Number of protein chains: 2
Amino acid sequence: MRPGPRRSLTHAEILAAAFELLEAKGFDAVSVRGVAGALGLTPTAMYTYYPNKQALLAGMVEQVFGRLAIATTAADASGSSAAEGVAGARARVLALATALRDLLVDRPGAVGLLLATPLDGPNATRVDEELLAAFTSGGLDLAAADRATHAVRVHVLGAVAFDAARAARAVEAAVQPEAPAAPSETLWDDLESFPLADRSRELDDDPVERFAWGVERLLDGLLVPAPDR
Amino acid sequence: MRPGPRRSLTHAEILAAAFELLEAKGFDAVSVRGVAGALGLTPTAMYTYYPNKQALLAGMVEQVFGRLAIATTAADASGSSAAEGVAGARARVLALATALRDLLVDRPGAVGLLLATPLDGPNATRVDEELLAAFTSGGLDLAAADRATHAVRVHVLGAVAFDAARAARAVEAAVQPEAPAAPSETLWDDLESFPLADRSRELDDDPVERFAWGVERLLDGLLVPAPDR
DNA sequence: ACCTGAACACCGTTCAAGT
DNA sequence: ACCTGAACACCGTTCAAGT
């Protein structure tokens with residue numbers, strides 16, 4: 001097994017190896033060298049498939065959005081979310097947002113993926129198109145639909161980033177349970193009391209419900225209320 | 001200049017050097033070695049101040065939230081945003097969100113900072129406290145205020161992440177204007193047409209206005225409409 | 001076209017040692 | 001306590017060379 005054009009890998013195979021690494025060892029493990037190693041390649045061979053690491057990550061993002069498109073069109077075909085008007089628009093956006101969250105939230109480092117790329121591939125654009133269609137069918141003109149789409153995109157991205165970062169830290173803490181969290185940190189010296197924040201910390205809200213609630217409230221502001229609501 | 005306990009740096013001096021690096025060369029330049037070098041230290045000396053890189057980044061995040069607290073309390077003292085009721089709550093949240101965006105958006109990589117840390121330092125908690133106070137004064141109970149606070153936090157984080165990532169890529173492209181963006185990418189083969197997405201891409205919305213609009217719409221959903229509105 | 005091997009300029013972190 | 005110097009196990013990327 002030396003030089004020569006032995007076998008030729010497909011992008012799908014490379015991305016599959018990259019996602020395996022992402023799932024198993026987190027975002028930092030998705031390195032050019034790491035993916036190459038998992039495929040039995042030299043790091044430099046990767047550069048015949050992708051011009052740089054960014055392009056590899058962009059390919060992964062596109063694949064995630066591709067799965068999302070499949071998941072939501074399947075749901076559309078068998079569900080009632082293709083309904084017209086504000087209620088239909090609401091249901092379609094909520095379904096898209098939830099599906100996107102489901103795809104990202106338990107993949108450590110998937111957010112790093114999203115931030116590393118422009119989100120302008122065809123599959124990402126397809127999701128935009130679906131959101132824009134939902135909002136225009138909900139009565140918004142294109143300019144408002146564009147802003148609404150961006151608001152949803154941004155909200156979901158932020159929510160997933162938040163939950164994923166928390167989950168990643170939890171995994172990390174479980175692997176290395178050394179520092180017992182030092183109850184009173186000496187790094188910050190000026191202690192204050194935050195009555196509301198302290199009490200809210202004990203609420204322990206369910207992340208899934210909290211996410212859905214946030215998207216619903218955003219939709220309350222983005223879409224005029226449905227007549228039947 | 002060799003070993004020995006010559007001078008002792010303060011955390012403030014170290015963080016100042018770190019922020020200089022962040023501003024000048026982006027998030028990737030904020031390395032343990034880089035900051036140490038800027039201070040005339042050996043990388044290993046950094047570990048007497050912070051147990052690891054995470055702690056350094058957490059210190060930077062706390063400082064950003066500290067500036068935010070100062071900026072908004074100053075605005076509160078001289079402005080009308082301390083008004084009561086829904087309108088006052090609305091104004092306070094919008095002011096906080098805008099101030100946070102202003103602090104983060106043109107610092108390349110500041111978002112990486114936020115995602116790298118738990119956002120549980122005292123200054124970050126103070127911002128939470130202010131948001132919770134605004135929402136409870138707007139008529140929400142603590143559980144609802146907690147969810148509303150999280151929704152705002154998530155929305156701002158996502159929006160800043162999005163705009164900052166775009167800006168970072170623009171800077172990068174300006175520094176290295178080699179690849180002419182290849183009008184028809186060969187990486188993605190199945191071309192489709194996205195009429196709405198294509199048209200919306202030409203809108204070229206102002207990011208600042210778009211952000212404010214999004215936060216306002218979110219607030220529309222979070223707070224019941226003011227009587228005078 | 002696809003791949004290797006060596007190299008360059010970096011990382012975070014640890015360890016033993018100096019003052 | 002604060003710091004250095006050497007070292008370990010990594011990065012992304014480039015370049016010359018092989019088939």
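Sequence lines set the chain letters: A, B, ... in the order given, protein chains first and strands last, and positions in each chain run from 1. Since this is a predicted model, take the numbers as computed values, not measurements.
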Salt bridge (charged side-chain N to carboxylate O under 4.0 Å, His left out) involving A:Asp128 - partner list, sequence neighbours excluded: A:Arg153
Under the side-chain contact (heavy atoms from CB on, under 4.5 Å) test, residues paired with A:Asp206 that sit two or more places apart: A:Val208, A:Glu209
Nearest-angstrom distance from the residue atom CD1 of B:Ile14 to C1' of D:dC2: 11 Å
Partners meeting side-chain contact (heavy atoms from CB on, under 4.5 Å) with A:Glu20 (sequence neighbours left out): none
Distance, rounded to the nearest Å, where A:Met46 contributes CE and C:dA1 contributes C1': 17 Å
Shortest side-chain distance from B:Thr44, nucleotide among C:dT4, D:dG5, D:dT13: D:dG5
Euclidean distance, atom CG of residue B:Leu39 to atom P of D:dC2 [Å, nearest integer]: 15 Å
Can you give the donor-acceptor pairs under 3.5 Å from side chains of residues 27-37 of chain A to other protein atoms, not counting sequence neighbours?
residue	atom	partner	partner atom	Å
A:Ser31	OG	A:Gly34	N	2.8

Pairing residues for A:Asn52 by the side-chain hydrogen bond (donor to acceptor under 3.5 Å, both in side chains) criterion, not counting sequence neighbours: none
Contact check, side chains of A:Leu196 and B:Leu142, non-hydrogen atoms, under 4.5 Å: yes
What protein N or O atoms touch nucleotides 8-12 of chain D N or O atoms at under 3.5 angstrom, if any, and at what distances?
residue	atom	partner	partner atom	Å
D:dC11	OP1	A:Ser31	OG	3.2
D:dG12	OP1	A:Val32	N	3.1
D:dG12	OP1	A:Lys53	NZ	3.1
D:dG12	OP2	A:Val32	N	3.0
D:dG12	OP2	A:Arg33	N	3.3
D:dG12	N7	A:Arg33	NH1	2.4
D:dG12	O6	A:Arg33	NH1	2.9

All side-chain contact (heavy atoms from CB on, under 4.5 Å) counterparts of B:Ala145, not counting sequence neighbours: B:Leu132, B:Phe135, B:Thr136, B:Leu140
Distance between P atoms of C:dA9 and D:dC10 (Å, rounded): 22 Å
Dot-bracket pairing map - DNA chain D, Watson-Crick plus G-U, both contacts under 3.5 Å, | cross-strand: ||.|||||...|||||.||
Closest to the B:Thr48 side chain, choosing from C:dC2, C:dG5, D:dC3: D:dC3
Test side-chain contact (heavy atoms from CB on, under 4.5 Å) applied to A:Glu202 - qualifying residues, sequence neighbours left out: none
Distance, rounded to the nearest Å, where B:Leu9 contributes CG and D:dA1 contributes P: 17 Å
